[in-house]
S.K.: 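A single structure is presented below for examination.
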Amino acid sequence: MNDKQTLKSLIALALGTFGVGMSEFVIMGILPAVAKSMDVSIPKAGHFISIYAIGVIFGAVCVALFSKRQPLKRILFTLIAVYTVGNLLTVFMTDYLSMNIARFISGIPHGTFFGVGLVAVKQIANPQYLGRSAAFITSGLTIANLLGVPLATFLNNYISWRIIYLSIGLLGFLILYALIKWLPPLEPMPYTNFKGQFQFLKKLPPWLLFGAIIMGNSGFFCELSYINPLLIHVSGFSPNHVPMLMLLSGLGMFFGNYFSGKMTDKYSPINVSEYMQLTASVLLLLFFFFAHLPVVTTILVFACSFCLLSLSAPQQILVLENARGGELLGSSLAPLAFTLGNAIGAFAGGIPVEYFHVGYEYINLPGIFFCFLGFLLLFIFKAITFEPYIITPSN
């Protein structure tokens with residue numbers, strides 16, 4: 001496959017991750033409007049976010065059950081078809097129960113599209129550029145956070161949230177076209193039965209990796225979940241400045257994802273993951289001590305988001321390489337671990353403020369602990385893995 005064909009294939013996959021990212025995250029910015037239209041409280045409407053995560057788990061199990069000997073292109077096409085149906089159904093839901101059903105369906109393709117997409121990248125991309133290729137498809141998610149979600153949140157002030165989800169659903173047809181047109185035929189994964197898909201979980205290294213992913217994301221989301229009140233009440237920023245700082249955070253995610261792809265190709269995914277996880281611990285420690293200084297806070301907002309997305313591509317590659325015989329299941333479970341970390345971080349970060357009545361800078365304390373624990377798990381993984389996966393350095 002030539003470079004032009006490879007690029008088109010990666011663009012098709014990145015379009016898919018952009019759509020999946022929009023499907024998951026947009027509701028967080030428009031939740032009050034959704035709650036009002038469903039005649040439920042905002043906390044109850046938060047269940048629409050939780051049920052999406054349950055759909056992610058269900059999707060990973062479905063891959064293990066039904067992916068045997070199926071061409072990867074067919075699996076990807078099916079996942080985006082489910083994405084399209086789920087988001088279009090969301091437009092027409094008028095009550096709490098039906099909305100939960102639509103959100104559950106929308107969640108099914110989330111982790112599995114990332115997972116199967118990464119397996120596809122291994123067939124498409126030059127092995128010397130696997131890190132950069134994995135980061136390229138992940139960039140769809142970063143662009144959704146950087147541009148798509150803020151734009152949808154802004155438009156919600158002027159148009160119905162249903163129009164926004166209609167657009168997200170219709171995007172599915174563009175993604176399906178791109179997959180048909182640009183993605184080449186891909187070989188199915190070697191056949192393993194349902195039980196065989198889970199064999200890799202009998203070994204310790206995959207669990208260390210999943211634990212590191214959960215701990216790393218937990219640490220970052222201690223900070224990200226409460227960044228708005230921290231910026232206002234501790235750093236002293238005006239509420240009008242917060243959107244610009246959130247844009248800066250999104251830029252950090254974008255450039256962190258790009259950086260990790262290049263570094264993974266040059267060194268190895270375990271080295272990049274290990275060092276960035278340790279760096280994250282230091283950054284959150286600095287955030288704790290210097291959150292009252294606006295200039296330092298501005299730098300740290302960018303740096304923490306940079307670190308967060310620097311971990312995504314190398315950690316997913318590590319999971320894929322340590323899930324022999326269950327590659328599709330393993331690579332689908334990795335995004336689930338990221339999502340679980342988000343939930344843990346959002347809960348743990350609020351504990352110091354809610355129960356100990358301290359300032360918002362203290363949200364970083366559990367984050368420091370989580371990130372350092374993630375580093376220790378990666379350190380142990382590296383120590384016990386006799387044949388660590390190392391990509392041949394590029395020239």
Side-chain angles (χ1 to χ4, degrees), residues 1-26 55-56 58-60 62-91 102 105-127 129-130 132-144 147-148 164-191 261 313 316 320 327-329 331-332 335:
M1 188 184 305
N2 61 42
D3 291 343
K4 186 176 180 180
Q5 289 174 318
T6 300
L7 179 59
K8 285 184 174 181
S9 299
L10 293 177
I11 289 173
L13 293 171
L15 272 174
T17 61
F18 172 77
V20 167
M22 291 288 289
S23 177
E24 179 182 21
F25 294 118
V26 158
V56 175
F58 182 76
C62 284
V63 164
L65 278 171
F66 303 116
S67 64
K68 59 182 181 181
R69 293 178 178 162
Q70 293 295 319
L72 296 181
K73 186 171 180 177
R74 181 181 300 169
I75 298 174
L76 290 166
F77 186 92
T78 303
L79 292 171
I80 292 301
V82 174
Y83 153 92
T84 304
V85 170
N87 284 287
L88 289 178
L89 282 175
T90 300
V91 178
I105 295 171
S106 299
I108 291 172
H110 182 93
T112 49
F113 187 87
F114 278 95
V116 179
L118 185 57
V119 174
V121 165
K122 283 202 69 178
Q123 293 190 26
I124 295 168
N126 185 324
Y129 303 112
L130 179 59
R132 270 169 277 196
S133 299
F136 188 94
I137 67 167
T138 305
S139 68
L141 183 62
T142 66
I143 293 171
L147 300 176
I164 295 170
Y165 264 99
L166 177 63
S167 302
I168 294 171
L170 292 176
L171 175 64
F173 292 104
L174 175 62
I175 300 169
L176 288 170
Y177 175 81
L179 291 174
I180 294 171
K181 194 75 174 177
W182 292 344
L183 205 63
L186 300 168
E187 293 296 322
M189 295 303 297
Y191 172 70
Q316 290 189 80
L320 180 61
E327 287 88 348
L328 291 178
L329 177 64
S331 54
S332 299

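Heads up: numbering here begins at 1 and tracks the sequence.
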S.K.: Identify the heavy atoms of T17 and F114 that sit nearest to each other, and give their distance.
M.R.: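 Of all heavy-atom pairs spanning T17 and F114, the closest is CG2-CE2, 3.6 Å.
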S.K.: Let me see the working for Y129 and T6 under side chain to side chain contact (heavy atoms under 4.5 Å, CB included), right down to the final yes or no.
M.R.: CA-CA 11 Å; Y129 303 112; T6 300; over 6 Å; no
S.K.: So, taking the atom named OG in S9 and the one named NZ in K73, what distance separates them when rounded to the nearest 0.5 Å?
M.R.: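 The OG atom of S9 sits 8.5 Å away from the NZ atom of K73.
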S.K.: Is there a side-chain contact between L7 and F136, using heavy atoms and a 4.5 Å cut-off?
M.R.: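 Counting from C-beta outward, L7 and F136 do come under 4.5 Å.
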S.K.: Which heavy atom of N87 sits nearest a heavy atom of G169, and at what distance?
M.R.: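 N87 and G169 have their closest heavy atoms at CB-CA, 3.8 Å.
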S.K.: Tell me which one of V82, L89, L88 satisfies side chain to side chain contact (heavy atoms under 4.5 Å, CB included) with V85.
M.R.: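 When side chain to side chain contact (heavy atoms under 4.5 Å, CB included) is applied between V85 and each of V82, L89, L88, only L89 qualifies.
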S.K.: Mind listing the closest non-hydrogen atom pair of A102 and T90 along with its distance?
M.R.: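 Distance-wise, the nearest heavy atoms are CB-OG1, 3.6 Å.
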S.K.: Ignoring hydrogens, what is the shortest heavy-atom contact between L118 and I137? Give both atom names and the distance.
M.R.: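 That closest heavy-atom pairing would be N-CD1, 4.1 Å.
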S.K.: Do K122 and S133 have side-chain heavy atoms sitting under 4.5 Å apart?
M.R.: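 Heavy-atom side-chain distance check fails, nothing below 4.5 Å.
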S.K.: What distance separates I168 CD1 from E24 CD, expressed to the nearest 0.5 Å?
M.R.: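 Here the rounded value is 11.5 Å.
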S.K.: Where is the tightest heavy-atom contact between L186 and A120, given as atom of each residue plus distance?
M.R.: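 Smallest heavy-atom distance, with atoms named: CD1-CB, 3.6 Å.
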S.K.: Could you walk me through whether V20 and L141 satisfy the side chain to side chain contact (heavy atoms under 4.5 Å, CB included) test, starting with their C-alpha distance in whole Å, then the side-chain angles of each, then the deciding distance to 0.1 Å, before giving a yes or no?
M.R.: CA-CA 8 Å; V20 167; L141 183 62; over 6 Å; no
S.K.: Which heavy atom of S23 sits nearest a heavy atom of S106, and at what distance?
M.R.: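 That closest heavy-atom pairing would be OG-CB, 3.9 Å.
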S.K.: Working to the nearest 0.5 angstrom, can you tell me the gap between Q70 CD and F77 CZ?
M.R.: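 Q70 CD to F77 CZ: 13.5 Å, rounded to 0.5 Å.
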S.K.: Quick one: does Y83's side chain get under 4.5 Å of L171's, heavy atoms only?
M.R.: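 The answer is yes; the side chains approach within 4.5 Å.
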S.K.: One pair to check against side chain to side chain contact (heavy atoms under 4.5 Å, CB included): L10 and W182. What are the steps and the verdict?
M.R.: CA-CA 9 Å; L10 293 177; W182 292 344; over 6 Å; no
S.K.: Evaluate side chain to side chain contact (heavy atoms under 4.5 Å, CB included) for T112 paired with I75, printing each intermediate quantity in order.
M.R.: CA-CA 9 Å; T112 49; I75 298 174; over 6 Å; no
